[in-house]
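Notes for the one structure printed next.
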Amino acid sequence: MSDTAPPLRTGSHDLSVSTELARFMGRDWAPTPLPRDARVAARAVTPARRARLSARFPGERLVIPAGELRVRSNDCDHRFRPYSAYAWLTGLTGEDQPGHVLVLEPSGPHDHEAVLWIRPRSPRTGRAERPADAFYRDRRHGEFWVGRRPDLAETERLTGIRCADLDEPGGTLPPGREPSTDPELAAVLSELRLIKDDWEIDQLQQAVDHTTAGFEDVVRSLPRALAHPRGERWVEGVFGLRARAEGNGLGYETIAASGAHACVLHWTRNDGALNPADLLLLDAGVETDTLYTADITRTLPLSGRFSPVQRQVYELVLAAQEAGIAALRPGAPFRDFHRAAMRVIAEGLADWGVLKDAEGDLHRRYTLCSSGHMLGLDVHDCAQARAGAYLDGVLEEGQVLTVEPGLYLQPDDLTLPPELRGIGVRIEDDLVVTSDGARLLSSALPRTPDAVEEWMGALLDSAARR
């Protein structure tokens, strides 16, 4: 009988490791340190963020976890993305962060010391709390399975934060450091992120620029998408390639909705064919490696040209968006831009004879959702902020938000004339509030129907010449 090491907790199809193999695996590995000048991209701005949080909770221990892995099936986990507040406070945004925790320890009546509790790099020689063979046998955390993690000293250099080992004796976190569940902490973490600094706005502009490139990729690919029985999936895949190539991936699940599917607000099945007579509503955003995301929607004529009725609907939505954008300025109530956009929609529906008049809220049958939201590390950013600071508050310089009115004219809606049924249009752009209004971050993507047609034509012509 062979002498074998006890199996680590792994999938049942893994073979046992002989003592000879274990000894062989434990020697002759060259050092592979990270460059000493490596730093997380946000290192220069995270200390001020932690100081602002510290000032709101004097004398209290604050625990902000990165989050845990979630099983997709059996021994396969979903791709990991850290909790946004953890990323904002530490600058750590990678897939090597599951289980890590930032603790702000009171260091006086008004100050805190930041401590990062992390799982450092798998060692090549073992300790009781971390076996020597974990680096090649631990499917969830082992270096040969999921890649190298920094060690404690490297993480301190990356972040500027003192680090401690999660697996030191005494448990994954010392007593009293369980993750905080205080709703006030969650609200404050959202509210502190409402106003973006210059570094964050630059990250958001990068996300928008990559998203613009993704939309261009989609237009160039439309001939192949139109020929595929699930053309919506083709569109989704083309954009997803750009998102993974240029950033961390998608900021949210892509909506590639053609024809009447565009009347479903969150259509992410994306399993339909494309018809040249229809519109394609594409709502998509690239998330940067620093986890900031764009959120842009364009509604495109699959033939390259709007039909008269499609143009009629599109121009009303565009007019609503223009009214919403014009309402953005510091000191304006947050909800004002939505009200301005909906006023235009209601008046337009009344002009068409769909509504008797523009009063009341009957227009909401055709445009159910709000016309925008904050944008940043999350696509619906700062969602746990209290109403007085966000939804019932006022706009402030440095806030980044979307303006995205739409009309969703359901295919089975008998209040509509037949020619309008089944048309869905949304136009969504990302803007930063400035001292005297707002600046369009997504201005590189055309919005007027004539400009959309010209842009599509140029991209399709260039693709055909390749």
Side-chain angles (χ1 to χ4, degrees), residues 42 45-58 60-67 81-91 93 102 104 112 179-201 203-204 207 251-252 266 285 287-288 290-295 324-325 327-341 369-404 428-435 438-439 441:
V45 294
T46 53
R49 296 172 181 176
R50 296 191 296 272
R52 290 167 61 201
L53 178 62
S54 171
R56 297 290 292 271
F57 294 95
E60 296 188 52
R61 175 182 287 124
L62 306 176
V63 181
I64 300 94
R81 180 194 186 278
Y83 174 44
S84 292
Y86 172 91
W88 187 72
L89 291 165
T90 66
T93 61
L102 173 68
L104 297 188
H112 289 80
S180 301
T181 57
D182 183 356
E184 184 181 1
L185 175 60
V188 168
L189 284 168
S190 275
E191 290 163 9
L192 289 175
R193 289 167 36 216
L194 279 167
I195 297 176
K196 273 56 179 179
D197 58 33
D198 291 342
W199 184 87
E200 291 179 289
I201 293 169
Q203 296 302 305
L204 285 161
Y252 53 96
H266 288 169
E287 180 181 80
T288 64
T290 57
L291 305 188
Y292 288 83
T293 185
D295 182 8
I325 291 172
L328 300 177
R329 63 185 182 280
F334 173 80
R335 297 184 191 271
D336 269 11
F337 76 93
H338 171 66
R339 296 187 184 104
C369 63
S370 179
S371 298
H373 51 80
M374 293 295 176
L375 185 68
L377 283 167
D378 297 318
V379 65
H380 293 163
D381 206 31
C382 309
Q384 293 177 292
R386 287 162 286 207
Y390 180 3
L391 297 176
D392 295 332
V394 299
L395 295 176
E396 296 185 56
E397 185 175 357
Q399 291 180 338
V400 178
L401 70 162
T402 69
V403 178
E404 52 172 313
E428 178 179 18
D429 284 276
D430 303 340
L431 300 103
V432 55
V433 179
T434 61
S435 60
R439 176 167 58 87
L441 298 175

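Computed over heavy atoms, backbone and side chain alike; hydrogens, waters and symmetry mates excluded. For this chain, numbers begin at 1 and follow the sequence in order.
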Before giving the answer on side-chain contact (heavy atoms from CB on, under 4.5 Å), spell out for Val432 and Lys196 the whole-Å C-alpha distance, their side-chain angles and the decisive distance to 0.1 Å. CA-CA 9 Å; Val432 55; Lys196 273 56 179 179; over 6 Å; no
Report the distance from atom [atom1] of [X] to atom [atom2] of [Y], rounding to the nearest 0.5 Å.
X: Ile195; Y: Cys382; atom1: CD1; atom2: SG; result: 10.0 Å
X: Leu185; Y: Ile64; atom1: CG; atom2: CD1; result: 5.5 Å
X: Thr434; Y: Arg329; atom1: OG1; atom2: CZ; result: 12.0 Å

Mind running side-chain contact (heavy atoms from CB on, under 4.5 Å) on Arg386 and Val188 for me, showing each step along the way? CA-CA 8 Å; Arg386 287 162 286 207; Val188 168; 3.7 Å; yes
Could you go through the side-chain contact (heavy atoms from CB on, under 4.5 Å) check for Thr90 and Thr46 one step at a time? CA-CA 6 Å; Thr90 66; Thr46 53; 5.9 Å; no
Verify, without hydrogens or angle tests, whether [X] (side chain) and [Y] (backbone) share a donor-acceptor contact under 3.5 angstrom.
X: Arg52; Y: Leu192; answer: yes
X: His338; Y: Cys369; answer: no
X: Arg50; Y: Leu89; answer: yes
X: Arg335; Y: Leu391; answer: yes
X: Tyr390; Y: Ser190; answer: no
X: Asp430; Y: Asp295; answer: yes

How about [X] and [Y]: do any of their side-chain heavy atoms sit closer than 4.5 Å?
X: Leu53; Y: Trp88; answer: no
X: Phe57; Y: Leu104; answer: no
X: Ile201; Y: Arg439; answer: yes
X: Val403; Y: Asp429; answer: no

Please evaluate residues Leu189 and Tyr83 with respect to the criterion side-chain contact (heavy atoms from CB on, under 4.5 Å), reporting the C-alpha separation (whole Å), side-chain torsions for both, the decisive distance (0.1 Å), and the verdict. CA-CA 11 Å; Leu189 284 168; Tyr83 174 44; 4.1 Å; yes
Asp378 and Ser84: side chain donor to acceptor below 3.5 Å: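 Yes - a donor-acceptor pair under 3.5 Å links their side chains.
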Is it true that the side chains of Glu404 and His373 contain a donor and an acceptor less than 3.5 Å apart?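 Side chains of Glu404 and His373: pair found under 3.5 Å.
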For Gln203, run the side chain to side chain donor-acceptor pair (under 3.5 Å) check against Asp198, Asp197, Thr290 and tell me which one passes.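 So, applying the side chain to side chain donor-acceptor pair (under 3.5 Å) to Gln203 and each of Asp198, Asp197, Thr290, only Thr290 qualifies.
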Restricting to non-hydrogen atoms, name the atom on Ala294 and the atom on Tyr252 that form the minimum distance, rounded to 0.1 Å.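 Between these two residues, the closest heavy atoms are O-CE2, 3.5 Å.
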List the atom of Ala385, the atom of Leu194, and the distance in Å for their closest heavy-atom pair.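 Nearest pair, atom of Ala385 first, then Leu194: CB-CD1, 4.5 Å.
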Take a 6.0 Å sphere around NE2 of His380 and say whether it holds more than 12 heavy atoms from other residues, nucleotides or ligands.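 Counting other residues, nucleotides and ligands, NE2 of His380 exceeds 12 neighbours.
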